[in-house]
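Here's the structure, in structure tokens; my notes come after.
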There are 2 protein chains.
Amino acid sequence: MDRVKLFNDFLSQKGLKSTSQRKLILETFLESESHYSTEELYLKLRKEHPRIGYATVHRTLKLFAECGIAAERNFGDGQTRFESVHADEHHDHLVCTNCGLIIEFEDQKIEELQKLVASQHNFKIENHRLELYGLCEDCRSQK
Amino acid sequence: MDRVKLFNDFLSQKGLKSTSQRKLILETFLESESHYSTEELYLKLRKEHPRIGYATVHRTLKLFAECGIAAERNFGDGQTRFESVHADEHHDHLVCTNCGLIIEFEDQKIEELQKLVASQHNFKIENHRLELYGLCEDCRSQK
DNA sequence: TATCTTTCTGAAAATTATTTTCATTTTCTT
DNA sequence: AAGAAAATGAAAATAATTTTCAGAAAGATA
């Protein structure tokens, strides 16, 4: 698990401490591929660890974002979500507007065209987000 | 002005009323090409019309979104912004992470590739958002 | 036009998500 | 083991958005 090491390096580099809560939160965060809001992860953790605090979960997710392990995303439902970022891999999202299903995808051609657009406007891209909203396979057939 | 008619049709179809505030807010909203948050538009309106209320501005922007005149967007600064939607025209954004400049662009090839991705996953796209974040020309040269 | 019903408005309060505060506990150096 | 620095969890604070409500305005009806 490289991400655990990455996080620990980040902590020590910043003079921050490695605590049992941070280990636990990272472990649980990495375990699942879902896109957690602070609240969702907090509720999940609380089942096994009732003493954990909401603020700690939130602060830790922010740390993940800061060190690049996670990215903050907003899919328009009013909650910020954190998703696991895999090194040098970027992916975008298909979001079902009916059931909330989130599918990740990657498309190299789209990425290249984005760079082209940016250079036409003399922008230097740091990152991007692409989300396609619509009905997933299941929700389409139900209607 | 077709959008004014569109909004009025929407109102009467829904049994809603045409008020001086709604007319004023729509007019001001369409006048500018910027991406207003509720607060920004409220502050702008208040200069000329000190009696207008924040809630009214917000509710009206929501109506614009509901009838398709405006789209809600979130560029990650914690405020929802509303932008004017031009019929059958879709555009994406370059957002400067330093000065907040927002540039709109359109790229037909990217749109086509998006459709392709969606069909590969059996999704039916309703809409999408693509935002490229980075440094604009001016901010690049300043650094 | 006068009246009536419904919707709107603006101010304030409520709600929701996120962030901060602070007393106490834990980590990690010496 | 002791001290310094940072982390935790609960509660309070903040910020954006939404709702409430009493009075005002719109627009249908007579």
Side-chain angles (χ1 to χ4, degrees), chain A residues 7-29 35-67 70-82 100, chain B residues 7-29 35-67 70-82 100:
Chain A
F7 185 54
N8 287 332
D9 290 353
F10 169 79
L11 289 179
S12 62
Q13 189 209 323
K14 284 252 179 183
L16 304 177
K17 290 172 180 172
S18 173
T19 66
S20 62
Q21 288 92 335
R22 285 178 177 165
K23 283 178 206 160
L24 169 67
I25 294 167
L26 178 55
E27 198 177 289
T28 309
F29 179 73
H35 298 70
Y36 284 116
S37 63
T38 300
E39 177 152 42
E40 286 166 355
L41 184 52
Y42 167 65
L43 290 175
K44 173 159 188 175
L45 285 162
R46 218 177 45 170
K47 286 181 192 163
E48 300 277 330
H49 307 270
R51 309 267 325 128
I52 202 148
Y54 182 98
T56 302
V57 176
H58 185 262
R59 283 184 285 227
T60 306
L61 283 170
K62 285 288 201 184
L63 287 178
F64 294 170
E66 200 183 329
C67 76
E72 294 186 46
R73 301 224 158 233
N74 194 303
F75 296 110
D77 66 345
Q79 282 199 315
T80 301
R81 283 167 198 289
F82 293 81
Chain B
F7 186 54
N8 286 332
D9 289 353
F10 170 79
L11 289 179
S12 62
Q13 190 209 323
K14 285 253 180 183
L16 304 177
K17 289 172 179 173
S18 172
T19 66
S20 62
Q21 288 90 338
R22 286 179 178 165
K23 282 178 206 161
L24 169 67
I25 295 167
L26 178 55
E27 198 177 290
T28 308
F29 179 72
H35 298 69
Y36 285 117
S37 63
T38 299
E39 177 152 42
E40 286 166 355
L41 185 52
Y42 168 65
L43 290 175
K44 174 159 187 177
L45 285 161
R46 217 176 48 170
K47 286 181 192 162
E48 299 277 329
H49 307 271
R51 308 269 323 129
I52 202 148
Y54 182 98
T56 302
V57 176
H58 185 260
R59 283 184 286 228
T60 305
L61 283 170
K62 284 288 199 183
L63 286 178
F64 293 170
E66 200 183 330
C67 77
E72 293 186 47
R73 300 222 159 236
N74 195 302
F75 295 111
D77 65 346
Q79 283 200 314
T80 300
R81 283 166 198 287
F82 293 82

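Numbers restart at 1 for each chain; the letters A, B, ... are given by sequence-line order, proteins then strands. All values derive from a computational prediction rather than experimental measurement.
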Below 3.5 Å is the cut-off: list the nitrogen or oxygen pairs between protein and nucleotides 27-30 of chain D, distance only.
| from | atom 1 | to | atom 2 | distance (Å) |
| --- | --- | --- | --- | --- |
| D:dG27 | OP1 | B:Ser18 | N | 3.1 |

Going by side chain to side chain donor-acceptor pair (under 3.5 Å), name the residues that satisfy it together with B:Thr56, two or more places apart in sequence or in a different chain. none

Euclidean distance, A:Lys14 NZ relative to A:Glu66 CD, rounded to 0.5 Å: 4.0 Å

Using 0.5 Å steps for rounding, measure from the CG atom of A:Leu26 to the CG atom of A:Asn8. 8.0 Å

Tell me the interatomic distance from [X], atom [atom1], to [N], atom [atom2], rounded to whole angstroms.
X	N	atom1	atom2	result
B:Leu11	C:dC8	CG	P	8 Å
A:Gln79	C:dT15	CD	C1'	14 Å
A:Lys23	C:dT27	NZ	P	8 Å
A:Tyr42	D:dG9	OH	C1'	9 Å
A:Lys62	D:dA6	NZ	P	21 Å
B:Ile52	C:dC8	CD1	P	14 Å
A:Ile25	D:dG9	CD1	C1'	11 Å
A:Glu66	C:dT19	CD	P	12 Å

Nearest atoms (heavy-atom pairs only) where B:Ser37 meets B:Gln79: OG-OE1, 3.2 Å

Under-3.5 Å N/O pairs linking protein and nucleotides 19-23 of chain D:
| from | atom 1 | to | atom 2 | distance (Å) |
| --- | --- | --- | --- | --- |
| D:dT20 | O4 | B:Arg59 | NH1 | 3.2 |

Phosphate contact ([N] OP1 or OP2) by [X] side-chain N/O below 4.0 Å:
X	N	result
B:Thr80	D:dA16	no
B:Arg51	C:dT9	no
B:Gln21	C:dG10	yes

Aromatic ring pairing B:His35/B:Phe75, orientation class (parallel under 30°, perpendicular over 60°, tilted between): perpendicular

Distance-only criterion, 3.5 Å: show the donor-acceptor pairs between side-chain atoms of residues 42-49 of chain B and protein atoms not counting sequence neighbours.
| from | atom 1 | to | atom 2 | distance (Å) |
| --- | --- | --- | --- | --- |
| B:Tyr42 | OH | B:Arg46 | NH1 | 3.2 |
| B:Lys44 | NZ | B:Tyr36 | OH | 3.3 |

Test side chain to side chain contact (heavy atoms under 4.5 Å, CB included) applied to B:Arg22 - qualifying residues, sequence neighbours left out: B:Phe7, B:Leu11, B:Leu16, B:Thr19, B:Thr60, B:Leu63

I'd like to check the side chain to side chain contact (heavy atoms under 4.5 Å, CB included) partners of A:Thr38; sequence neighbours left out, ordered by chain and number. A:Tyr54, A:Val57, A:His58, A:Leu61, A:Phe82

